[in-house]
Amino acid sequence: MNLAIRDIRHNWARFVLTSIGIGLLLMIVMGMGGIYQGLVDDAVLLINKIDADLWIVQHETRGPFAEISKVPLNLEDRLRSVPGVQSSRSFVSHTIQREHNGKPIRIVVQGLSWPDDKGEWLPLISGRNLGSAHYEMVADKLLGLNLGERIKLGKDYYTVVGVTSGMVSQSGDGLGFFSVRDALNIQFEVSGESVRLERQARKSRVLSQDIGNIQPALVERAQSVSSELPGLARPMVSAVLVKLKSGADIETAVSIISGWKDVTVYTADQQKEFLLKGTVDRARRQLGLFSALLVVISAIIMALIIYTLTLDKIHDIAMLKLIGARNSVILGLILQQSLLLGAIGYILAYYLGTILFPKFPRRVLVTSEGMLYLAIIVLMISIISSALGVWKAMKIQPNEVLS
Amino acid sequence: MTGDVKAIEVVKLSKIYGSGNTEIIAMNDVTFSLEKGEVTGLLGPSGAGKSTLLTAIGLINPPSSGTILINGQTVMTGSVAHVNLRAFRRKHMGYVFQKANLIPFLTAVENVQLACEINDIPAKEARKKAAELLGYLGVADRMKNLPHMLSGGQQQRVAVARALANNPNLILADEPTAALDSVRGRQVMELFAKIAHEQGASVLVVTHDHRSLDVFDRILEMEDGILTERTH
């Protein structure tokens with residue numbers, strides 16, 4: 001005869017309420033684990049998706065995510081000459097906060113090396129990849145921009161031609177993909193007045209030199225568009241990404257590029273390590289510790305619940321001992337209820353999480369591996385928490401039936 | 001109804017609580033025996049030591065000194081047990097108390113069935129035996145009711161059925177009719193007599209109810225921890 005089931009049947013309302021409580025608690029444990037996993041996944045998401053073998057960044061920096069990096073655009077061409085390199089493309093990454101439709105919007109601007117990289121690797125849920133060199137963007141759904149919507153960034157309007165899902169930065173902001181040129185324009189865009197003042201300053205500098213006074217054409221040239229001036233550097237990009245040919249030796253390529261004194265080269269795995277051990281490390285550890293704390297709290301709460309349920313049955317357990325019931329009968333009653341509470345709480349936590357977690361502002365990533373870990377944790381909590389109840393039950397004397 | 005081996009034999013049983021100035025002798029050199037198939041009443045005022053004696057021979061409250069033999073087997077000497085007490089209780093003893101002490105989340109038949117299953121009777125057979133016992137005690141029609149749905153008398157009958165589940169050699173009842181009216185109290189007492197005479201169990205009933213003394217084969221009296229036998 002299963003005493004645990006019969007007790008639950010008799011006190012089903014209390015059991016249901018307790019299960020809901022345990023379920024909510026486990027949902028929080030699951031949520032914390034999911035936030036932790038989401039943070040880690042978000043941090044390395046772009047590196048995984050972008051599918052580059054090597055990241056070439058400014059010399060002795062750990063850019064472009066862990067710190068600022070600037071490399072010249074023509075680095076792309078130099079890298080194509082390295083043996084084993086299949087392709088190279090510029091990459092720009094910076095965060096902007098603007099206003100759109102009266103609300104603030106934070107976009108992590110990602111520049112794609114048009115036309116080599118049109119964002120074919122992006123996980124689109126609607127629309128298409130970039131189809132032209134300018135004024136188009138692919139936005140993550142987290143940004144709240146609809147397909148076909150236009151957004152003004154600087155002086156120009158950009159049309160959303162595609163929408164992705166789950167493309168977020170390590171800080172949880174949605175990614176927006178533009179061509180490198182547009183990404184640089186958004187970053188370095190200045191007002192007309194600033195341009196006029198800069199040109200006037202250039203004219204003054206030339207006139208202050210002797211050569212300016214004897215060569216009037218030079219003064220005129222100094223006031224022209226900055227991109228037409230050979231003396232001015234072209235805008236820099238954050239990094240250049242390299243894809244190696246199939247079968248190419250990565251060590252050889254790294255060795256060659258490492259010999260260049262103006263850049264530093266990292267593999268995709270090293271980039272991930274910078275993020276996980278750098279920018280997101282503290283948040284990751286904090287969430288990890290908090291999750292561990294929640295597991296301990298859950299175990300204590302469950303232990304107290306099982307203990308209270310056992311206290312309610314002291315008289316019955318004393319009677320069972322009096323009529324000669326073996327310890328296994330009493331242990332089964334407590335342990336089965338504990339396991340059942342854990343199992344129902346686990347299922348409830350899963351379904352509640354499925355409904356609630358997608359509504360959270362940051363990604364809560366509940367993986368099947370995470371669910372398996374939680375199941376093991378719940379099983380252990382159920383067994384450990386029943387220990388207190390079992391200990392109490394074992395101490396009950398049969399003569400307590402007379403009390 | 002008597003046999004060679006006594007159902008229970010108690011030799012110089014004493015129980016002392018406390019020590020020094022606070023010492024209380026609840027039971028003093030009690031010696032007696034019960035025959036199989038005999039129903040015995042144990043009378044005495046409150047605090048006389050009746051329940052102490054009952055719980056001592058019921059193997060749930062060890063004596064300070066003395067020997068308890070059940071079915072000829074030495075079970076306890078002083079507070080030292082010579083057998084696994086829980087297993088021994090399971091096999092040989094049945095208990096009925098003032099309160100029925102039924103498990104509240106089990107129906108009447110399940111309460112009895114559980115006692116059968118604890119004695120290693122398979123579930124199906126246990127269920128059948130439980131139903132038969134409830135029928136024997138006249139509560140077959142309430143077998144699917146939970147204890148709170150039964151009257152005090154019905155609960156006590158279910159408790160008696162549970163006490164019979166293991167075919168005990170010894171049934172110990174501590175004021176089983178105290179919570180019942182006179183009619184139902186009488187019925188329960190007659191039930192004990194019937195069980196003792198029909199099933200050969202030895203029944204010891206602690207009671208204050210002097211209206212049912214005629215059902216007992218023997219009457220023992222206890223006062224200030226000393227046991228004496230009253231003749232009819």
Side-chain angles (χ1 to χ4, degrees), chain A residues 1-19 305-306 308-341 389-403, chain B residues 51-52 54-56 58-62 83-107 109-124 126-127 130 146-149 159 162-166 168 171-172 174-175 206:
Chain A
M1 185 185 300
N2 191 308
L3 294 178
I5 297 290
R6 279 169 174 81
D7 184 30
I8 291 166
R9 188 183 63 186
H10 184 60
N11 298 301
W12 65 269
R14 182 180 65 176
F15 189 80
V16 166
L17 283 174
T18 310
S19 299
I305 289 170
I306 298 296
T308 309
L309 289 175
T310 309
L311 287 185
D312 286 350
K313 288 192 278 285
I314 282 181
H315 202 260
D316 304 328
I317 291 169
M319 191 65 211
L320 285 171
K321 286 189 173 183
L322 180 71
I323 63 175
R326 293 170 180 86
N327 282 340
S328 58
V329 174
I330 297 155
L331 197 118
L333 168 66
I334 296 165
L335 192 61
Q336 283 169 20
Q337 285 195 348
S338 183
L339 288 170
L340 212 58
L341 263 180
V390 168
W391 170 78
K392 178 67 188 170
M394 291 303 112
K395 274 183 62 181
I396 295 169
Q397 294 299 316
N399 57 13
E400 287 182 49
V401 81
L402 303 171
S403 61
Chain B
S51 294
T52 304
L54 198 82
T55 53
L59 310 179
I60 52 178
N61 185 18
V83 294
N84 178 327
L85 294 181
R86 204 187 299 184
F88 198 88
R89 288 198 301 267
R90 177 166 66 232
K91 209 168 175 187
H92 299 284
M93 328 265 287
Y95 302 86
V96 182
F97 299 100
Q98 185 176 334
K99 275 173 65 187
N101 291 312
L102 299 176
I103 293 175
F105 53 84
L106 299 181
T107 61
V109 72
E110 285 170 345
N111 263 284
V112 184
Q113 184 186 341
L114 176 66
C116 295
E117 285 186 21
I118 284 171
N119 274 279
D120 302 323
I121 299 173
K124 217 169 179 178
R127 180 82 173 190
L146 287 165
H148 72 89
M149 299 156 90
R162 180 177 61 189
L164 296 175
N166 56 342
I171 296 172
L172 302 172
D174 192 1
E175 304 202 27
V206 170

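Every chain is numbered from 1, with letters handed out A, B, ... down the list of sequences. No experiment lies behind these values; they were computed from the predicted model shown.
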Engineer: In terms of heavy-atom pairs under 4.5 Å with chain A, which of B:D120, B:L146, B:T55, B:N166 leads?
Structural biologist: B:D120
Engineer: Could you state the interatomic distance from CD (A:Q337) to CG (A:L309), rounded to the nearest 0.5 Å?
Structural biologist: 6.0 Å
Engineer: Applying side chain to side chain contact (heavy atoms under 4.5 Å, CB included), run through B:L106 and A:M1 and close with a yes or a no.
Structural biologist: CA-CA 10 Å; B:L106 299 181; A:M1 185 185 300; 4.0 Å; yes
Engineer: Out of curiosity, B:T107 OG1 to B:N111 CG, how far, rounded to the nearest 0.5 Å?
Structural biologist: 7.0 Å
Engineer: Hey, are A:N2 and A:Q336 close enough side-chain-wise for a donor-acceptor pair under 3.5 Å?
Structural biologist: yes
Engineer: Tell me, side chain or backbone of A:D312 under 4.5 Å from chain B's heavy atoms, or both, or neither?
Structural biologist: neither
Engineer: Side chain from CB out, backbone as N, CA, C, O: work out which of these in A:M319 comes under 4.5 Å of a heavy atom of chain B, or both, or neither.
Structural biologist: side chain
Engineer: I need the A:I8 CD1 to B:F105 CZ distance, nearest 0.5 Å.
Structural biologist: 10.0 Å
Engineer: Does any heavy atom of chain A fall under 4.5 Å from the side chain of B:P168, the backbone, both, or neither of them?
Structural biologist: neither
Engineer: Looking at B:R90 and B:E117, is any side-chain nitrogen of the basic one under 4.0 Å from a carboxylate oxygen of the acidic one?
Structural biologist: no
Engineer: Taking side chain as everything from C-beta outward and backbone as N, CA, C, O, which of these in B:L114 sits under 4.5 Å from a heavy atom of chain A? Side chain, backbone, both or neither.
Structural biologist: both
Engineer: Below 4.5 Å, heavy-atom pairs only: which of B:I103, B:L85, B:L59, B:N61 has the largest tally toward chain A?
Structural biologist: B:I103
Engineer: Examine whether an atom of A:L3 lies under 4.5 Å from a heavy atom of chain B, and if so say whether it belongs to the side chain, the backbone or both; otherwise answer neither.
Structural biologist: both
Engineer: Is it the case that the side chains of B:N101 and B:R162 hold a donor-acceptor pair, with the cut-off being a distance below 3.5 Å and no angle test?
Structural biologist: no
Engineer: Counting only non-hydrogen atoms closer than 4.5 Å, does B:R127 touch chain A with its backbone (N, CA, C, O), its side chain (CB onward), both, or neither?
Structural biologist: neither
Engineer: At a heavy-atom separation under 4.5 Å, does B:Q113 approach chain A through its side chain, its backbone, both, or neither?
Structural biologist: both
